[in-house]
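Everything below concerns the one structure shown next.
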Protein chains: 2
Amino acid sequence: MNNDKKRLLAKVAYLYFIEDYTQAEISKELNIYRTTISRMLKQAKDLGIVSIKINDFDTDLFDLEMTLKEKFQLKNILIIPSYPKESNKSKDQRLSLAAALYLKRIIKPKDIVGFAWGSVLVGMIGQLQNPVKTEATFVPLVGGPSPSNSQYHVNGIVYDAARQFGGKSLFVDAAAVQESKYIRDGIINSQYFSDIRRLWAHLDIAFVGIGGPLTNSASRWRDLLTDEDRVLLRERQAIGDCCCTFFDRHGKILTGSLLDRTIAVPLDNLRQVPNAIGVARSLTKAPSIKALLAMGILNTLITDEETATRILEISSK
Amino acid sequence: MNNDKKRLLAKVAYLYFIEDYTQAEISKELNIYRTTISRMLKQAKDLGIVSIKINDFDTDLFDLEMTLKEKFQLKNILIIPSYPKESNKSKDQRLSLAAALYLKRIIKPKDIVGFAWGSVLVGMIGQLQNPVKTEATFVPLVGGPSPSNSQYHVNGIVYDAARQFGGKSLFVDAAAVQESKYIRDGIINSQYFSDIRRLWAHLDIAFVGIGGPLTNSASRWRDLLTDEDRVLLRERQAIGDCCCTFFDRHGKILTGSLLDRTIAVPLDNLRQVPNAIGVARSLTKAPSIKALLAMGILNTLITDEETATRILEISSK
DNA sequence: CCTAATTTTGCACAAAAGTGCCAATATTTA
DNA sequence: TAAATATTGGCACTTTTGTGCAAAATTAGG
């Protein structure tokens with residue numbers, strides 16, 4: 001490539017990108033055919049004569065999004081940056097906010113929005129700044145926690161959401177895990193529950209948390225499990241849960257007594273939901289999140305950088 | 001400006017400028033209306049989120065071109081870079097080449113192209129690489145030098161040009177300065193000269209050199225001047241010449257005996273020429289070039305960086 | 001110096017981007 | 001909380017840009 005030519009390309013690029021000439025103006029100015037200018041500009045880019053830099057933009061984060069999106073066939077993904085030394089509480093809070101803003105962005109006037117249990121979901125709604133008025137319906141996707149954790153009740157989430165977004169909310173009056181299949185079935189089939197079941201079949205948006213391994217003690221609802229349940233889960237190598245439904249590392253849902261006693265939307269239902277959104281973070285949950293994503297139940301993931309990185313690491317092995 | 005918003009703008013800019021998405025694709029991807037994307041991109045530029053840098057581009061040189069172009073109301077300008085320590089011969093040669101390429105770029109099939117005397121013009125044509133076939137007519141704009149400088153005869157230039165570009169050339173069979181007005185008028189009005197005069201009236205392109213002060217001894221034709229002429233030119237403060245026509249620093253053409261004895265296209269004729277191109281360089285000629293430009297006779301200048309800089313310096317005083 | 005191969009142009013047409021307008025939303029301010 | 005201000009959505013329309021193809025120009029090889 002001759003030097004004069006390079007200078008000419010640079011001049012064209014300068015006029016176009018810096019001085020905001022149109023290609024036609026440059027063409028006239030330099031007596032070069034317009035389409036040639038177009039090609040020269042492309043060439044100038046290719047040769048690196050034009051270098052474009054985007055500030056305030058983390059390419060790595062974006063690549064991470066793209067890679068995961070592709071890998072798990074997601075419709076959407078949102079990864080927020082991780083800052084070193086930040087407390088877990090703060091990390092959760094930022095993730096909550098991101099999820100809340102995401103909901104605000106995608107919610108439509110008459111949507112049916114479900115919430116399942118999840119440490120991050122609890123903090124979501126409170127962080128929103130400006131009320132958006134809708135006539136949406138907010139419905140729990142699972143039963144509540146044990147009475148001692150009532151301040152974290154899933155009913156609270158849907159209630160807050162309805163207040164914030166101006167729609168209405170339904171409550172569940174039952175704990176997530178019941179004593180027997182008989183009672184569980186009784187509740188599920190009860191008159192009052194039929195509204196919820198109907199809504200579960202027509203969800204537009206579902207926000208679900210993702211639980212990590214049993215050893216993780218942060219859970220607000222797992223005190224509902226019996227010792228027997230725990231033994232079984234350990235035996236069957238439960239890796240995590242979603243909507244109080246446990247699965248193993250291969251994405252196999254752990255059926256049996258526990259599941260039969262659980263009040264929650266069936267995971268398979270979520271496949272039909274236009275926005276089935278998982279919200280979770282932390283390195284210990286990464287394997288669980290990965291397994292769930294591989295099941296193809298969710299189509300959207302909201303997480304943070306460190307978690308996403310870990311998910312990718314364990315996926316490539 | 002909120003930080004999330006900034007990140008969104010950055011993301012849009014990234015997709016557009018780096019990943020070469022179309023605005024429509026981004027719109028679809030992010031669920032944002034296409035025209036909004038267009039506006040976001042503009043905003044991202046304005047906010048400096050997108051920074052575009054042109055490498056291999058000398059902004060100073062470009063600014064110089066723009067400034068001079070504006071100052072002297074030129075249609076076109078070409079300033080080639082100056083390299084320190086380069087010999088004058090080499091500088092002249094590069095300028096010649098630039099001028100030759102410029103001619104090659106603007107010449108059209110049936111153009112009438114005139115050449116006047118000028119140290120740089122002589123070297124022009126020889127440097128062209130690939131012949132371009134035209135049916136152009138090449139005509140001298142001035143008479144020739146003294147017999148002892150015949151190898152630099154203006155006829156040589158037009159002859160070379162015609163060979164190169166495939167058209168025809170006309171010659172002048174007279175020196176630029178004659179002994180008397182009587183002889184000059186005789187030649188000008190002669191039958192053979194009428195072709196040339198006709199062409200002078202219909203020039204499409206005129207290449208003219210620009211001469212510096214009399215003390216500059218490099219001239220190839222000034223040995224035609226008599227001692228008397230020189231005294232007069234000094235008295236009237238000639239600053240330079242173009243087409244063997246002298247002018248002073250105010251752009252006043254020095255009329256009188258000398259001009260009456262000179263065989264050359266009248267400078268005023270050049271005002272009508274679509275491409276009236278001055279080609280000259282050197283610091284000593286700068287005042288002369290400046291004075292000529294100020295006369296508004298030329299509409300294009302081809303020079304080098306150091307000369308252009310000097311012209312600008314003496315213009316701003 | 002000529003001819004074949006490759007590259008560059010010019011052109012018509014297709015695709016993409018920008019603009020002005022107004023209504024609908026969203027955000028900020030008082 | 002309401003009014004004021006700013007932003008986005010939606011649309012028709014114009015301008016600008018990109019592309020495939022044929023012609024011209026340049027380069028490379030004999």
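Each chain gets a letter, A, B and so on, in the order the sequences are listed, and its residues count up from 1. We use all heavy atoms of the structure for the numbers below, so side chains are in, but hydrogens, waters and symmetry mates are not.
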- Message: Using the side-chain heavy atoms of A:Thr22, tell me which of these nucleotides is nearest: D:dG9, D:dT16, C:dA16.
- Response: D:dT16
- Item | Out of C:dG10, D:dT19, D:dG9, whichever nucleotide has its closest atom nearest the side chain of B:Thr36 | D:dG9
Establish, with yes or no, whether the OP1 or OP2 oxygen of [N] is under 4.0 angstrom from a side-chain nitrogen or oxygen of [X].
| X | N | result |
| --- | --- | --- |
| B:Ser38 | C:dG18 | yes |
| A:Lys42 | D:dT17 | no |
| A:Lys104 | C:dT27 | yes |
| B:Tyr16 | C:dA17 | yes |
| B:Gln23 | C:dG18 | yes |

Between [atom2] of [N] and [atom1] of [X], the distance in whole Å:
| X | N | atom1 | atom2 | result |
| --- | --- | --- | --- | --- |
| B:Ile26 | D:dT8 | CD1 | P | 15 Å |
| B:Phe165 | D:dA25 | CZ | P | 13 Å |
| B:Ile37 | D:dT7 | CD1 | P | 16 Å |
| B:Gln164 | D:dT26 | CD | P | 10 Å |
| B:Leu8 | D:dT7 | CG | P | 14 Å |
| A:Lys45 | D:dT17 | NZ | C1' | 11 Å |
| B:Leu47 | D:dT7 | CG | P | 11 Å |
| B:Asp20 | D:dT19 | CG | C1' | 15 Å |

- Task: Scan B:Ile32 against the nucleic acid and name what it touches under 4.0 Å (heavy atoms): base, sugar-phosphate only, or nothing.
- Result: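 Sugar-phosphate contact only - B:Ile32 comes under 4.0 Å of backbone atoms but never of a base.
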- Item | Greater than 12 external heavy atoms within 6.0 Å of B:Tyr159's OH | no
- Would you call A:Asp304 and A:Lys91 a salt bridge, taking side-chain N to carboxylate O under 4.0 Å as the test? no
- Should B:Glu29 and A:Lys69 count as an ion pair when the cut-off is N to O under 4.0 Å?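 A salt bridge links B:Glu29 with A:Lys69.
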- Item | Closest-nucleotide 5' rank along DNA chain C - winner of A:Arg39 and B:Thr35 |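 Between the two, 5'-proximity favours A:Arg39.
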- Can you say whether the rings of B:Phe115 and B:Phe207 are parallel (under 30°), tilted (30 to 60°) or perpendicular (over 60°)? parallel
- Message: With a 3.5 Å cut-off and heavy atoms only, can you find an N or O donor on one side and an acceptor on the other between the side chain of A:Arg34 and the base of D:dG18?
- Response: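 Check passes, donor-acceptor contact within cut-off.
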- Heavy-atom nearest pair, A:Asn269 first then A:Val273, reads O-CG2, 3.8 Å
